[in-house]
2 protein chains.
Amino acid sequence: MPSASVQNYLKAIYQLQETCETVTTTALAQHLDISAASATNMIKKLARLKLVRHSPYHGVELSTAGEKMALEVIRHHRLIELFLAEALGVPWEAVHAEAEKIEHVISEDLEDRIADFLGDPGRDPHGDPIPTKTGFVERPAYQSLFDLNAGQSAVIRRVSDQNPDHLKHFFKLGLIPDATVDVVQREPFQGPLRVRVGSGSEHTLDETLARSIWVTLSATQKKLFKAKK
Amino acid sequence: MPSASVQNYLKAIYQLQETCETVTTTALAQHLDISAASATNMIKKLARLKLVRHSPYHGVELSTAGEKMALEVIRHHRLIELFLAEALGVPWEAVHAEAEKIEHVISEDLEDRIADFLGDPGRDPHGDPIPTKTGFVERPAYQSLFDLNAGQSAVIRRVSDQNPDHLKHFFKLGLIPDATVDVVQREPFQGPLRVRVGSGSEHTLDETLARSIWVTLSATQKKLFKAKK
DNA sequence: TCGCAAATTTAGTCGCGACTAAATTTTTTA
DNA sequence: TAAAAAATTTAGTCGCGACTAAATTTGCGA
Ligand SMILES: [Mn+2]
Ligand SMILES: [Mn+2]
Ligand SMILES: [Mn+2]
Ligand SMILES: [Mn+2]
């Protein structure tokens, strides 16, 4: 039974590993909003516990045990998010903060009951995959909405749950998992993006927002892409 | 936002005050399963925070602010117990341990949603009254099942949720709030008690068990009592 | 390749909430 | 009512997880 702190560190390292192969002390510190010295401290502790491999000055990497533990916390987190949304109607921009605390205090039995209640769901409200009890998790290769070109059409698969204000905005615009978006216009030089949501309203998204949304190209698009080749 | 420790101490003091007027350091320490020195330490901190009045060597008493805070935690605890039982089918002997941890991490908004979901309930699964949001709580004058005499009939109002094994046993025997019990036989000298549950099976309860069940005399009994006078 | 800036680690400290051992106060009992 | 016992507080320590300031290492640009 690792402390809530250890759990949060492992989760953070896991999440950072999803983008960068090796996680730096500074990245970890920034992600958790603590000092770099504190991060070093905990990294050394995690290394002592064989939950990470630490190459001093060069970064940190989860061990098999560490990754397993991270996935357990993430499973708790995402199940709780979905449960709060489904059972209690907690709005999707609020579930993350709530789950961030509850994830550390529920028993395995409660975890199982929640999973059962939800029918063993595969995704949390933001489209993030929920790891299985056995520690397996999907790693779908999505692309950022920001990387699309004008004229392309895509299906939203996941949105970042880090910023409640962004989430609220996305919800209002209908930018939620499974929604269809067409890139109407694309400004050059990392400029903003104009999208049509479903077959309805059009909205402008700046880089930060567009980078918080991950999509897959819709079927017709993929065909087109193949044809070009 | 007081720490979970502070919350647990306040709750413990509140619960001890329900029986003894003034709470001793030792009683508090035993209740929380910590050393007396640790209790003294925290008592001094709570006194500094104006949450208790401390008369050194003589005991501790909640201030108005301390009682209010205790009731907030207790409200969380009992709402969570009932919610886990109702929404997820967590058995009544398990809800207490689970709520003991979750009570410290839910937001006010989540508290409200849970209360709403449950229809603003008055009692937790063990029959304990749930304080209102405004800090009001019933203080019904029940009597212990152990204090009844042979021939008396009563309705169970509340059972102690402290011991999961006892709770499991009570449940198996049908000794739950609103059940009717008749005292069939009463051994002298604090001896065990024989009761009929509902109009069904008979069971024997020793002192500890019988003292964990609180009842009100059933209507007919009260009449009899009046008549005698 | 050298020097500098950035990243990282080390050293030392703090608050929290626990502990044990010892001192003190209160209560009980002979 | 004085001594013994019990309860309580004080004194000092510890692990945890944070911090700042200082030292060290790394890597990059001139
Ligand atoms: Mn967390
Ligand atoms: Mn999420
Ligand atoms: Mn608690
Ligand atoms: Mn209860």
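Chain letters run A, B, ... following the sequence lines, proteins first and then strands; every chain starts at 1.
- Note that B:Arg186 lies in the cation-pi zone of B:Phe146, set by a 6.0 Å cut-off to the ring centre and a 45° limit from the axis.
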Contacts table for residues 37-55 of chain B: side-chain donor-acceptor under 3.5 angstrom, sequence neighbours left out:
from    : atom 1 : to      : atom 2 : distance (Å)
B:Ser38 : OG     : B:Ser35 : OG     : 2.9
B:Thr40 : OG1    : B:Ala36 : O      : 3.1
B:Arg53 : NH2    : B:Leu62 : O      : 3.3

Can you give the donor-acceptor pairs under 3.5 Å from side chains of residues 120-130 of chain A to other protein atoms, not counting sequence neighbours?
from     : atom 1 : to       : atom 2 : distance (Å)
A:Arg123 : NH1    : A:Gly127 : O      : 2.9
A:Arg123 : NH1    : A:Tyr142 : OH     : 2.8
A:Arg123 : NH2    : A:Glu138 : OE1    : 2.9
A:Arg123 : NH2    : A:Tyr142 : OH     : 3.4
A:Asp124 : OD1    : A:His126 : N      : 2.7
A:Asp124 : OD1    : A:Gly127 : N      : 3.1
A:Asp124 : OD1    : A:Asp128 : N      : 3.0
A:His126 : ND1    : A:Glu81  : OE1    : 3.0
A:His126 : NE2    : A:Trp92  : O      : 2.9
A:Asp128 : OD1    : A:Arg158 : NH1    : 2.7
A:Asp128 : OD2    : A:Arg158 : NH1    : 3.3

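- A heavy atom closer than 4.0 Å to some atom of DNA chain C occurs in B:Ser5, B:Tyr9, these being the qualifying members of residues 4-15 of chain B.
- The nearest whole Å value for the distance from the NE2 atom in B:His104 to the P atom in C:dG17 is 12 Å.
- At D:dT9, one or more side-chain N or O atoms of B:Thr25 fall inside 4.0 Å of OP1 or OP2 (strictly under the cut-off).
- The line from CZ of A:Arg211 to CG of A:Asp206 is 11.0 Å long, rounded to the nearest 0.5 Å.
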Problem - Criterion side-chain contact (heavy atoms from CB on, under 4.5 Å) on B:Thr216 and B:Gln143, from CA distance to verdict - result: CA-CA 6 Å; B:Thr216 52; B:Gln143 56 185 310; over 6 Å; no
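- The heavy-atom pair separating B:Tyr14 from B:Ala70 by the smallest distance is CB-CB, 3.9 Å.
- With salt bridges taken as basic N to acidic carboxylate O contacts below 4.0 Å, one links A:Glu108 and A:Lys133.
- Within the 4.5 Å cutoff, the side chain of B:Gln7 has no heavy atoms near those of the B:Met69 side chain.
- Ring to ring, B:His96 and B:His77 are close: their centroids are under 6.0 angstrom apart.
- For A:Thr134, the side chain to side chain donor-acceptor pair (under 3.5 Å) partners are A:Thr132, not counting sequence neighbours.
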Collect all protein-nucleotide pairs involving nucleotides 27-29 of chain D in which both atoms are nitrogen or oxygen and the distance is under 3.5 Å.
none

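- Interface residues of residues 31-48 of chain B facing DNA chain D, ordered by number: B:Ala36, B:Ala37, B:Thr40, B:Lys44; criterion, heavy-atom separation under 4.0 Å.
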